[in-house]
**Q** 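Before I ask anything, here is the structure I am working with.
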Amino acid sequence: MTRTVFVNGAYTPEADAKVSVFDRGFLMADAVYEVTSVLDGKLIDFDGHMTRLARSLAELDMAAPMTADEILVMHRELVARNGLVDGMIYLQITRGAPGDRDFVFPDPAEVPSTIVAFTQSKPGMAQSPQADIGISVISIEDQRWARRDIKTVQLLYPSMGKMMARKAGADDAWMVQDGFVTEGTSNNAYIVANGRIITRQLGHDILAGITRKAVLRVAEMCQLIVEERAFDIAEAQSADEAFMTSASAFVMPVVQIDGVKLGDGAQLGKPGPVATQLRRVYLEEMRKQAV
Ligand code: PDD
């Protein structure tokens with residue numbers, strides 16, 4: 001089945017979908033995005049993603065081409081037209097195509113923003129076998145720009161980070177700034193130590209994950225203590241367990257950091273109980289609220 005994508009108001013077969021070569025998303029990474037997961041044909045935490053999208057747009061003085069309600073209708077239409085059961089919807093908004101290359105922002109009254117969206121099918125994504133064994137990460141220096149709280153498409157360094165991880169035989173990379181972990185290449189990072197869940201506090205250094213927010217709510221429901229503060233790689237390596245969160249991976253146990261296996265005894269290098277519980281309860285809660 002050929003995929004139907006959404007481009008500036010039209011539903012189009014992917015082979016016919018076109019964006020201008022002058023689009024600022026293409027030329028300057030002048031664009032923001034959201035990834036919303038779909039389980040059983042329903043959108044997970046849609047409102048959360050729309051709230052963050054509005055903030056990203058506002059931080060960059062970029063016009064919103066559609067309301068959240070219109071985007072909901074469009075997402076549902078993409079799910080229906082593509083018969084999507086489990087997977088993601090990728091949504092991108094750029095500052096449009098001014099018809100030439102110029103560093104100065106175009107007047108939004110003259111140049112409308114570009115909006116595109118497409119589905120990515122991942123059958124059975126909530127039953128990922130990776131969640132049963134956990135993932136390994138390496139640490140790399142965080143060399144991204146200083147406004148990581150805005151979800152822009154400047155993903156070259158995170159992409160390079162994934163390649164560094166792959167080259168080192170690991171699954172992902174945790175980025176480190178001034179000695180402390182910021183986040184994963186495309187996810188938020190957590191450790192569990194002395195019965196506490198520790199994750200970096202929000203700020204310009206990291207993206208405020210929509211999954212992070214929901215998981216911290218779930219942690220509270222489960223009467224787990226959360227400490228929002230920075231941690232370093234040494235503390236992470238001596239932690240009882242670790243995990244990461246994102247819209248596409250949900251809660252994913254991290255079992256090895258820079259070659260050091262986490263946990264001890266029979267639990268050495270295995271997903272820990274806190275990550276396992278959070279993943280289960282998060283998925284239960286999100287399925288209940290899916291739209
Ligand atoms: N990435 N931090 C970074 C740098 C991210 O790119 C992401 C999401 C997250 C987690 O945010 P959320 O829980 O809202 O997905 C944290 C998406 C999934 C991606 O780029 O594919």
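Excluded from the calculations below are hydrogen atoms, water molecules and symmetry mates; all remaining heavy atoms, backbone and side chain alike, are included. When a ligand or atom number is given, it counts from 1 through the structure's own listing order.
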**Q** Applying side-chain contact (heavy atoms from CB on, under 4.5 Å) to D205 and Q177, what does each step give before you reach the verdict?
**A** CA-CA 9 Å; D205 306 331; Q177 171 179 287; 3.6 Å; yes

**Q** Is there a polar contact between ligand 1 and T245, counting only N or O atoms under 3.5 Å apart?
**A** no

**Q** Which residue supplies the protein heavy atom nearest to atom 2 (N) of ligand 1, what is that atom called, and how far is it?
**A** E183 OE1, 2.6 Å

**Q** Validate the cation-pi geometry between R200 and F231: distance from NZ or CZ to the six-membered ring centre under 6.0 Å, angle to the ring axis within 45°.
**A** no

**Q** Identify the protein heavy atom lying closest to atom 13 (O) of ligand 1, giving its residue, its atom name and the separation to 0.1 Å.
**A** T211 OG1, 2.6 Å

**Q** Give a yes or no on whether the backbone of L84 and the side-chain of S121 come within a donor-acceptor separation of less than 3.5 Å.
**A** no

**Q** Can a donor-acceptor pair be found, under 3.5 Å and without considering hydrogens, that links the side chain of R24 to the backbone of A97?
**A** no

**Q** Any idea which protein heavy atom is nearest atom 17 (C) of ligand 1, and the distance to it?
**A** K151 NZ, 3.5 Å

**Q** Can you list the atoms of ligand 1 that are under 4.0 Å from a heavy atom of G209?
**A** 11 (O), 12 (P), 13 (O), 14 (O)

**Q** I'd like to know if L155 contacts ligand 1, where contact means a heavy-atom distance under 4.0 Å to any ligand atom.
**A** no

**Q** In terms of atom number and element, which parts of ligand 1 are under 4.0 angstrom from non-hydrogen atoms of A247?
**A** 12 (P), 13 (O), 15 (O)

**Q** Over 60° means perpendicular and under 30° means parallel, so classify the ring planes of F46 and H75, tilted if in between.
**A** perpendicular

**Q** How far is atom 19 (C) of ligand 1 from its nearest protein heavy atom, and which residue and atom is that?
**A** Y33 OH, 3.7 Å

**Q** Specify side chain, backbone, both or neither for M88, according to which of its non-hydrogen atoms lie closer than 4.0 Å to ligand 1.
**A** neither

**Q** Looking at atom 21 (O) of ligand 1, what's its closest protein heavy atom, distance included?
**A** V35 CG2, 3.7 Å

**Q** N/O of S246 under 3.5 Å from N/O of ligand 1, yes or no?
**A** no

**Q** For ligand 1, which atoms have a heavy atom of T185 less than 4.0 angstrom away?
**A** 4 (C)

**Q** Given 3.5 Å as the limit, does a donor-acceptor pair link the side chain of S37 with the main chain of A247, or not?
**A** yes

**Q** Please say whether H49 places an N or O atom under 3.5 Å from an N or O atom belonging to ligand 1.
**A** no

**Q** In terms of residue, atom name and distance, what is the protein heavy atom nearest to atom 10 (C) of ligand 1?
**A** N188 OD1, 3.7 Å

**Q** Check this for me: does any side-chain nitrogen of one of E284 and K288 sit under 4.0 Å from a carboxylate oxygen of the other?
**A** no

**Q** Looking only at heavy atoms of Y90, does any of them come nearer than 4.0 Å to an atom of ligand 1?
**A** no

**Q** Look at ligand 1 and say whether R144 reaches it with a heavy atom at a distance under 4.0 Å.
**A** yes

**Q** Quick one: does Q92's side chain have a donor or acceptor within less than 3.5 Å of a partner on I115's backbone?
**A** no

**Q** Verify, without hydrogens or angle tests, whether R95 (side chain) and L60 (backbone) share a donor-acceptor contact under 3.5 angstrom.
**A** yes

**Q** Please list the nearest protein heavy atom to atom 6 (O) of ligand 1 with its residue and the distance rounded to 0.1 Å.
**A** S186 CA, 3.4 Å

**Q** Is D40 reaching over with its side chain to a backbone N or O of K42, donor-acceptor style, under 3.5 angstrom?
**A** no

**Q** Which residue holds the protein heavy atom closest to atom 18 (C) of ligand 1, what is that atom called, and what is the gap in Å?
**A** S248 OG, 3.8 Å

**Q** Just by distance, do the side chain of R52 and the backbone of E34 share a donor-acceptor pair under 3.5 Å?
**A** no

**Q** Holding to ring pair (Phe, Tyr, Trp, His ring centres under 6.0 Å), I want the full list of residues that pass it with F6, two or more places apart in sequence or in another chain.
**A** Y11

**Q** Check each heavy atom of I210 against ligand 1 and say whether those closer than 4.0 Å belong to the side chain, the backbone, both or neither.
**A** both

**Q** Using a strict 4.0 Å cut-off to heavy atoms of R52, name the atoms of ligand 1 that fall inside it.
**A** 11 (O), 12 (P), 14 (O)

